[in-house]
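Notes for the one structure printed next.
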Amino acid sequence: MNYKRLICLTLIFFFLENVCLSQISDLQYSEVEPKESGHIRTDFFHIDDRHMLFLSDKNKQNVTVHLYDSLLNHISRSVLDLGNHKPLVVQLINNIPVLFSTSTNSNNEQELYSHNVSLNGSLSSTLLIAKYKNNGGHITKFKLSKSENSKHIVILVEHPYEKEKHEKLSILHLNQEFKIKAEHLHTLEQLSKNKKTNVPIVANNGSVYILKRYWEKGNKYYLYIQKGKEYMHTELKLRNRKIADIKYALSKDDKLILCGFFTSPVRFNFEGVFSLSFNNSTHPEYKKEAYLNEKIVSSFKHKKEIKENGFGLDHFKAKGLLLDTLGNQYLIADHHSIEKTKDLSLHRSKGLVVVKFTQSGSFIWSNSVLTDQKEMTKYSHWMSKVPFIHDNQLCLFYNNTNNEKTKLVEQLHGSNTLYGLHKVEFNEFGNTQDQPVSGLFTELNEAFAITPKLILQEDQHMYFMAENASKTKFRIMKMGVN
C-alpha cells in the first residue's frame with residue numbers, strides 16, 4: 001500500500017470537511033454578455049426599476065451602455081458615440097446619469113462637456129461647460145468632484161505646464177444645470193510640473209478641499225481649502241516623520257478625515273500610522289500618530305530582513321480609508337511587488353494591513369491578512385482587495401490567484417472558477433475569519449472570476465462584475481452580504 005498517498009488523501013478529506021465554506025445569500029446574476037477586453041472603466045447605477053452599466057476604454061472615444069431590469073435581465077446594449085471627445089467620468093446627479101468628456105478644438109483649447117444620458121441608454125443633451133487654452137502639447141486637465149447629496153458640483157482645472165512658472169489651478173462651482181456660477185483662479189507656491197497630483201473633495205455642506213502631493217526632494221502633501229474667493233493652504237506635517245502615503249474620507253458631519261502612513265528616517269517604507277481631522281480649516285482638530293508593532297511587520301518580513309533592511313513595511317501602498325456609522329476609521333494598505341521579465345511582469349501580493357482608529361483618531365488595533373497572490377501579466381487585473389463596511393463590521397473580498405499552490409479550487413469554490421473568491425471578516429478586536437466562497441459559477445460552461453472592484457453597494461447587497469480569463473465576456477452579480 002502506498003502509505004504516503006493514503007496520508008495525503010486523508011489530509012485532503014479532513015481539510016475539505018473542516019474548512020468553513022461561505023455561501024453567498026440572495027445571489028442574483030445577469031446572463032453572460034460579450035465585451036471588449038480593453039473596457040476596464042466601469043460605472044454602475046441603480047435608477048428606479050433598472051440598472052445601468054457604463055463600460056469604456058480610457059484611450060477610446062466610445063462608451064457602451066448596458067441596461068438591465070430590477071432582476072438583472074438584460075434589456076439592451078447601446079454605444080454612445082462621442083465623436084472626438086474622450087470620456088472623463090460618469091456621475092449620477094439627481095438620479096440622472098451624466099457623462100463628462102473632454103475634447104481639443106481647432107484653437108488648441110481644451111473643452112469640458114456634460115452629456116445627460118436617458119434611461120434608454122442614449123444621449124439626451126450636451127453642454128459645453130468650459131474651455132481653456134493649452135500650452136503646445138501640454139493640455140489642460142479637468143477633475144470632477146460632487147458632494148454625496150449632489151447639491152455641490154466642483155470642477156478642478158489643472159492649467160497646463162509652463163516652464164519655470166508657478167502652478168495654476170481653477171476651481172469651478174457648477175449649478176444643477178452644470179453652468180458655472182463661480183470661478184476662482186489660484187497661483188500656487190509650487191512650480192508647475194507636467195505631472196500633477198491634485199484631488200478635489202466636496203462635502204455635503206459645500207466645503208471644498210484640495211489634497212495635493214508634490215515632489216520636492218521627496219513627497220510633500222498640502223491641503224487647500226476654498227472659502228468664497230479666498231483660499232487657505234497648509235503643508236501637512238507630522239511631529240518628526242515624513243508622510244509616506246495618505247487617504248481621505250468625509251465624516252457624516254462633513255469633517256475631512258486624513259489617515260495614512262509615515263516612513264522611517266532611513267529608507268522609504270511604512271513604519272507607522274497617523275490620523276488627522278479638519279473642519280473647514282487648515283488647522284487639524286487632532287493629530288494622532290502610532291508606530292506599527294512588531295507582530296504586523298514580522299508578518300511580512302523575517303527577522304533577517306528586518307535586520308538588513310530596517311523595520312517597516314516594504315512595497316506597500318495605502319489603498320483605502322473607510323468609516324463606519326460610529327465614526328471609527330479603517331485604514332487599509334496593500335503589498336504589491338513587481339518583477340519584470342522580457343514580455344510580462346510577475347505581480348505578487350503577500351497581503352494587506354488594516355489599522356482601526358476611533359472617531360477621534362486614537363489607535364485601537366491593527367492586523368494583517370495574508371493572501372499570497374501572484375499574477376503573471378503586463379498589468380495586474382485580479383489581485384486587488386475589496387474592503388467594505390457591513391453592520392459596522394469591516395469585511396473584504398479577495399481572489400486567490402495562486403492556483404498553482406491551491407490545487408483544490410474546484411472542491412473549495414465549485415466548478416468553472418477561474419480564481420477562488422474569499423471573504424474575510426474582522427471582529428471588534430481585529431481578529432479575522434477567512435472563508436472561501438463557493439458556488440458562484442457552477443452553471444456556466446467557462447471559468448469566470450469576480451473582478452475585484454465593487455461597482456455598487458446598497459444596504460444588504462453588493463454588485464460586482466465577473467469576467468472570463470480574456471475579459472471578453474462578463475456578467476453582473478448581485479450578492480447578499482449577510
Side-chain angles (χ1 to χ4, degrees), residues 219 238 241-247 259-275 289-322 329-340 345-357 363-377 379-387 394-406 419-427 429-436 452:
N219 280 330
L238 304 177
R241 294 299 177 90
K242 290 185 177 181
I243 295 175
D245 208 350
I246 196 168
K247 288 295 176 180
C259 293
F261 295 83
F262 59 77
T263 186
S264 76
V266 179
R267 56 176 294 166
F268 182 85
N269 59 19
F270 288 0
E271 194 175 70
V273 295
F274 64 88
S275 176
E289 301 175 29
Y291 285 90
L292 294 173
N293 59 42
E294 185 177 354
K295 179 183 176 182
I296 291 295
V297 177
S298 60
S299 297
F300 300 95
K301 295 173 73 173
H302 298 298
K303 290 184 178 180
K304 183 179 179 181
E305 291 180 276
I306 295 175
K307 184 177 180 180
E308 292 177 351
N309 301 323
F311 188 82
L313 298 174
D314 301 321
H315 306 294
F316 270 76
K317 186 174 183 179
K319 284 296 183 179
L321 174 63
L322 302 179
Q329 308 158 13
Y330 302 84
L331 176 65
I332 299 108
D334 191 19
H335 172 266
H336 189 177
S337 63
I338 304 175
E339 299 174 21
K340 292 188 177 180
S345 296
L346 177 59
H347 298 261
R348 291 183 180 272
S349 177
K350 296 179 181 179
L352 56 81
V353 169
V354 176
V355 183
K356 182 178 180 180
F357 305 89
F363 173 87
I364 301 178
W365 53 254
S366 61
N367 202 356
S368 58
V369 177
L370 302 181
T371 58
D372 189 25
Q373 297 163 290
K374 66 179 181 180
E375 190 177 348
M376 180 65 79
T377 183
Y379 303 107
S380 174
H381 297 294
W382 304 102
M383 295 198 321
S384 297
K385 289 78 173 174
V386 184
L394 178 67
C395 307
L396 66 90
F397 286 115
Y398 74 90
N399 286 321
N400 180 7
T401 62
N402 196 353
N403 281 345
E404 292 180 6
K405 182 176 180 180
T406 305
Y419 299 117
L421 185 69
H422 285 244
K423 181 182 180 182
V424 180
E425 297 179 348
F426 294 78
N427 66 16
F429 306 107
N431 300 320
T432 62
Q433 183 180 24
D434 189 324
Q435 298 176 309

Interatomic distance, CD1@Ile246 vs CZ@Phe261, rounded to 0.5 Å, equals 11.5 Å
Across all chains, not counting sequence neighbours, the side chain to side chain donor-acceptor pair (under 3.5 Å) partners of Arg348 are none
Closest non-hydrogen atoms of Val355 and Ser366, given as atom of the first, atom of the second and distance, are CG2-CB, 4.0 Å
Q) With a 4.5 Å heavy-atom cut-off, do Ile338 and His347 have their side chains touching? A) yes
- prompt: Between Phe316 and Phe300, how do the two ring planes meet: parallel, tilted or perpendicular, split at 30° and 60°?
  reply: perpendicular
I'd like a table of donor-acceptor pairs (distance under 3.5 Å, sequence neighbours excluded) in which one partner is a side-chain atom from residues 267-275, with atom names and distances.
residue : atom : partner : partner atom : Å
Arg267  : NH1  : Asn309  : O            : 3.4
Asn269  : ND2  : Phe311  : O            : 3.1
Glu271  : OE1  : Arg241  : NH1          : 2.1
Glu271  : OE1  : Arg241  : NH2          : 3.4
Ser275  : OG   : Gln329  : OE1          : 2.7

Whether the side chain of Ser349 engages the backbone of His336 through a donor-acceptor N/O pair (distance < 3.5 Å, no angle test) should be reported.
no
So OG1 of Thr371 and CE of Met383: to nearest 0.5 Å the spacing works out to 8.0 Å
Taking every heavy atom of Asn367 against every heavy atom of Gly430, the minimum-distance pair comes out as ND2-O, 2.6 Å
Could you check if a side-chain atom of Leu238 sits within less than 4.5 angstrom of a side-chain atom of Ile243, using non-hydrogen atoms only? yes
Practice prompt. Could you go through the side chain to side chain contact (heavy atoms under 4.5 Å, CB included) check for Lys340 and Ser345 one step at a time?
Written response: CA-CA 4 Å; Lys340 292 188 177 180; Ser345 296; 3.6 Å; yes
Residues Gln373 and Trp382: closest non-hydrogen pair is NE2-O, 4.3 Å
With a 4.5 Å cut-off on side-chain heavy atoms, are Asn399 and Leu421 touching?
yes
Smallest heavy-atom separation, Lys319 atom then Asp334 atom, equals CG-CB, 3.4 Å
Interatomic distance, CG@Asn431 vs CD@Gln433, rounded to 0.5 Å, equals 11.0 Å
When rounded to the nearest 0.5 Å, the distance separating NE2 of His335 from CG of Leu352 is 11.5 Å
- Side-chain contact, heavy-atom cut-off 4.5 Å: Cys259 with Lys247? no
Residues pairing under side-chain hydrogen bond (donor to acceptor under 3.5 Å, both in side chains) where one sits in residues 292-301, two or more places apart or in two chains, turn out to be Ser299-Ser368, Lys301-Asp314
Minimal heavy-atom distance between Asp245 and Ala318, with the atoms involved, is OD2-N, 2.9 Å
Item to check | Pair Ile332-Leu321, side chain to side chain contact (heavy atoms under 4.5 Å, CB included): steps then yes or no | outcome: CA-CA 6 Å; Ile332 299 108; Leu321 174 63; over 6 Å; no
Check: Val424 and Asp434 side chains under 4.5 Å, non-hydrogen atoms: yes
### Message
Has Asn400 got a side-chain atom pairing as donor or acceptor with Gly420's backbone, closer than 3.5 angstrom?
### Response
no
Between the NZ atom in Lys385 and the OH atom in Tyr398, the distance rounded to the nearest 0.5 Å is 9.0 Å
